[in-house]
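See structure below.
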Amino acid sequence: MKTITVQSLADHFKLEVVAGGGRLDREISRSRAHRPGLEFVGYFEFFPMERVQVLGRKEITYLLQLSIEERLLHIGNIVKYHPPCFIVTAGQQELPYLKKFCDEEGIPLLRTPEATVEFIAKLDGYLVKALAPEQSIHGVCVNVSGIGILLRGKSGIGKSETAHTLIRRGHRFVADDIVVLKKLGPALLIGSHNGTTREFLALRSVGLINVVRQYGRRAFQDETRIVLDIELTTWREGELSNALELEPRFTDYMGVQIPHIQIPLQPGRDVAGLIEAAANNWYLKQLGYSAAEEFMQRIQNSMD
């Protein structure tokens with residue numbers, strides 16, 4: 001199971017450390033934050049203790065209306081479950097009772113000036129990505145007309161050169177050599193770079209080029225949703241190929257099924273153009289249109 005530290009969370013959102021600063025190494029393993037509401041009135045049946053606990057104006061105002069004894073009791077009941085951290089939103093200040101418990105139990109208490117709803121939306125989005133299952137594969141990732149494509153094939157077959165041609169045609173580059181795949185949902189796969197190779201494309205006989213510096217900011221994006229898996233293969237004479245491909249094929253990445261296409265390479269073939277056609281064809285299928293199905297229907301009609 002992937003985890004991140006409270007320190008990385010604090011750094012990312014520039015959170016103020018109010019208490020428990022010595023335990024910023026505590027780990028967060030669950031996405032989605034939690035706002036303790038029922039827990040403050042003693043109901044802990046479904047308390048997600050492993051989640052980040054966010055205290056907005058509603059929670060803090062409620063606590064301040066309690067007597068000192070009740071306040072200490074309710075806070076103590078939650079703190080004893082040792083959640084990864086507490087984050088107070090909207091820059092709220094009256095927190096001595098929270099600081100006391102968090103310092104004693106070694107639980108980081110953080111603060112942000114952002115409003116509760118907006119901050120939770122950002123926090124959940126960050127945690128989902130940071131904690132998502134991931135897999136690194138050898139390949140190239142591009143975005144063709146808004147459609148994320150994974151290019152695979154043996155080393156030296158021409159993946160990077162094909163990506164370069166697509167970039168020159170106005171499409172966007174995401175990653176070269178190492179593509180990091182993240183599973184953000186049952187059918188949602190995101191492709192990105194590993195940080196080190198960001199913006200760099202390796203071309204044989206030329207060397208490394210910086211895509212942004214050569215072609216501008218619009219030629220690059222940090223990540224894209226992967227919807228097509230295209231494998232570049234060596235052309236074999238006499239090998240039969242079903243031009244209609246009525247039976248779809250898929251590649252499995254961490255349980256996500258991605259449509260798979262093979263493109264055999266041969267001198268003179270416009271591989272970049274074929275990839276553009278594949279992307280457009282995938283888009284039309286999402287709209288409910290299949291050229292192959294229409295063609296087969298025409299044949300059927302001509303035989304009736």
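- Crowding of Arg57 atom CZ: a count of heavy atoms from other residues, nucleotides or ligands under 6.0 Å not exceeding 12.
- In this structure, the side chains of Gln300 and Ser302 stay at 4.5 Å or more apart for every pair of heavy atoms.
- At a threshold of 4.5 Å between non-hydrogen side-chain atoms, the residues Arg35 and Thr116 count as touching.
- Grouping Ile, Leu, Val, Met, Phe, Trp and Tyr by side-chain contacts under 4.5 Å, direct or through others, puts Leu208 with Phe200.
- Looking at heavy atoms from C-beta onward, Leu9 lies in side-chain contact with Ile87 at the 4.5 angstrom threshold.
- Using a distance-only test at 3.5 Å, with no hydrogens or angles considered, a donor-acceptor pair links the side chain of Arg71 to the main chain of Leu63.
- For the atom pair CG (Leu228) and OH (Tyr283), the distance works out to 14.0 Å, reported to the nearest 0.5 Å.
- Between Phe47 and Phe44, the angle of the ring planes goes over 60°, which puts this pair in the perpendicular group of the 30/60° scheme.
- Pairs passing the ring-ring contact (aromatic ring centres under 6.0 Å, His included) check and including a residue from residues 106-130, sequence neighbours excluded, read His12-Tyr126, Phe13-Phe119, Phe13-Tyr126.
- For the residue pair Gln53 and Arg51, the shortest heavy atom distance occurs at NE2-O, 2.9 Å.
- A donor-acceptor pair under 3.5 Å is formed between the side chain of Gln93 and the backbone N or O of Gly91.
- Both Val6 and Val52 sit in one connected hydrophobic cluster of ILVMFWY residues. Membership requires side-chain heavy atoms under 4.5 Å apart, directly or through other members.
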Test Thr224 against Arg172 for side chain to side chain contact (heavy atoms under 4.5 Å, CB included), laying out the working first.
CA-CA 10 Å; Thr224 186; Arg172 292 184 173 184; over 6 Å; no
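- Residues Val144 and Ile226 are members of separate hydrophobic clusters, defined by side-chain heavy-atom contacts under 4.5 angstrom among Ile, Leu, Val, Met, Phe, Trp and Tyr.
- Heavy-atom contacts from other residues, nucleotides or ligands closer than 6.0 Å to CG of Leu287 number more than 12.
- Here the closest non-hydrogen pair linking Ser160 and Asp176 is OG-OD1, 2.8 Å.
- Separating the CG atom in Asp229 from the CD1 atom in Ile258 is a distance of 7.5 Å, to the nearest 0.5 Å.
- Using a 4.5 Å cut-off between side-chain heavy atoms of Ile, Leu, Val, Met, Phe, Trp and Tyr, with links allowed through other members, Ile157 and Leu150 fall into different hydrophobic clusters.
- In terms of heavy atoms, Ala163 sits closest to Val142 at CB-CG1, 3.9 Å.
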Identify all side-chain donor-acceptor contacts of residues 180-192 below 3.5 Å with residues at least two apart in sequence or on another chain.
| residue | atom | partner | partner atom | Å |
| --- | --- | --- | --- | --- |
| Lys182 | NZ | Lys129 | O | 3.2 |
| Lys183 | NZ | Met254 | O | 2.9 |
| Ser192 | OG | Asp222 | O | 2.8 |

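- Using a 4.5 Å heavy-atom cutoff, the side chains of Val17 and Pro108 are not in contact.
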Run the numbers on His138 and Asp177 for side chain to side chain contact (heavy atoms under 4.5 Å, CB included), then give the verdict.
CA-CA 5 Å; His138 174 67; Asp177 191 31; 3.2 Å; yes
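- Considering all non-hydrogen atoms of both residues, Leu110 and Cys85 come closest at CD1-SG, 4.4 Å.
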Go through Phe173 and His193 one step at a time and tell me if the side chain to side chain contact (heavy atoms under 4.5 Å, CB included) criterion holds.
CA-CA 10 Å; Phe173 170 68; His193 50 79; over 6 Å; no
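- Between the side chain of Glu39 and the main chain of Gly37, a donor-acceptor pair closer than 3.5 Å is present.
- Heavy atoms of other residues, nucleotides or ligands lying less than 6.0 angstrom from NZ of Lys58 number 12 at most.
- Note: the hydrophobic cluster containing Ile147 also contains Ile261 (ILVMFWY, side chain heavy atoms under 4.5 Å, direct or indirect links).
- Looking at Val128 and Arg32, their side chains come closer than 4.5 Å, going by heavy atoms from C-beta outward.
- The pair Arg298-Glu294 counts as a salt bridge, with a side-chain nitrogen and a carboxylate oxygen less than 4.0 angstrom apart.
- Heavy atoms from other residues, nucleotides or ligands lying under 6.0 Å from CZ of Arg168 number 12 at most.
- With rounding to the nearest 0.5 angstrom, the CD1 atom of Ile60 is 5.0 Å from the CG atom of Leu98.
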Sequence neighbours excluded and cut-off under 3.5 Å, please list the side-chain donor-acceptor pairs for residues 74-82, or say none.
| residue | atom | partner | partner atom | Å |
| --- | --- | --- | --- | --- |
| His74 | ND1 | Phe40 | O | 2.8 |
| His74 | NE2 | Phe40 | O | 3.3 |
| Asn77 | ND2 | Leu73 | O | 3.3 |
| His82 | ND1 | Lys80 | O | 3.1 |
| His82 | NE2 | Glu105 | OE1 | 3.0 |

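- Taking both residues in full, the closest heavy atoms of Val212 and Asn210 are given as N-OD1, 3.1 Å, listed atom of the first, atom of the second, then distance.
- Annotation: the span from Ile275 atom CD1 to His171 atom NE2 amounts to 9.5 Å, rounded to 0.5 Å.
- Look at Glu199 and Arg217 and you find a salt bridge, because one of the NZ, NE, NH1 or NH2 atoms lies within 4.0 Å of a carboxylate O, short of that distance.
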Would you sort out whether Thr5 and Leu24 count as a side chain to side chain contact (heavy atoms under 4.5 Å, CB included), showing the intermediate values?
CA-CA 7 Å; Thr5 63; Leu24 295 178; over 6 Å; no
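- Closest heavy-atom contact between Ala272 and Thr165: CB-CG2, 3.6 Å.
- Using a distance-only test at 3.5 Å, with no hydrogens or angles considered, a donor-acceptor pair links the side chain of Gln286 to the main chain of Trp282.
- Taking the side chain as every heavy atom from C-beta outward, Arg152 and Thr251 approach each other to under 4.5 Å.
- Listed by chain and residue number, nothing satisfies the salt bridge (Lys or Arg N to Asp or Glu O under 4.0 Å) test with Glu161 (two or more places apart in sequence, or in another chain).
- Transitive grouping of hydrophobic side chains (ILVMFWY, heavy atoms separated by less than 4.5 Å) brings Val18 and Leu72 into a common cluster.
- Here CD1 of Ile167 is found 10.0 Å from CZ of Phe220. Values are rounded to the nearest 0.5 Å.
- Interatomic distance, Asn280 CG to Glu276 CD, rounded to the nearest 0.5 Å: 7.5 Å.
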Could you walk me through whether His34 and Phe46 satisfy the ring pair (Phe, Tyr, Trp, His ring centres under 6.0 Å) test, starting with their C-alpha distance in whole Å, then the side-chain angles of each, then the deciding distance to 0.1 Å, before giving a yes or no?
CA-CA 11 Å; His34 175 68; Phe46 300 102; over 10 Å; no
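- The salt bridge (Lys or Arg N to Asp or Glu O under 4.0 Å) test applied to Arg23 returns Asp25, not counting sequence neighbours.
- With hydrogens and angles disregarded, a donor-acceptor distance shorter than 3.5 Å links the side chain of Arg26 to the backbone of Pro84.
- In this structure a side-chain-to-backbone donor-acceptor pair under 3.5 Å is present from Glu59 to Gly56.
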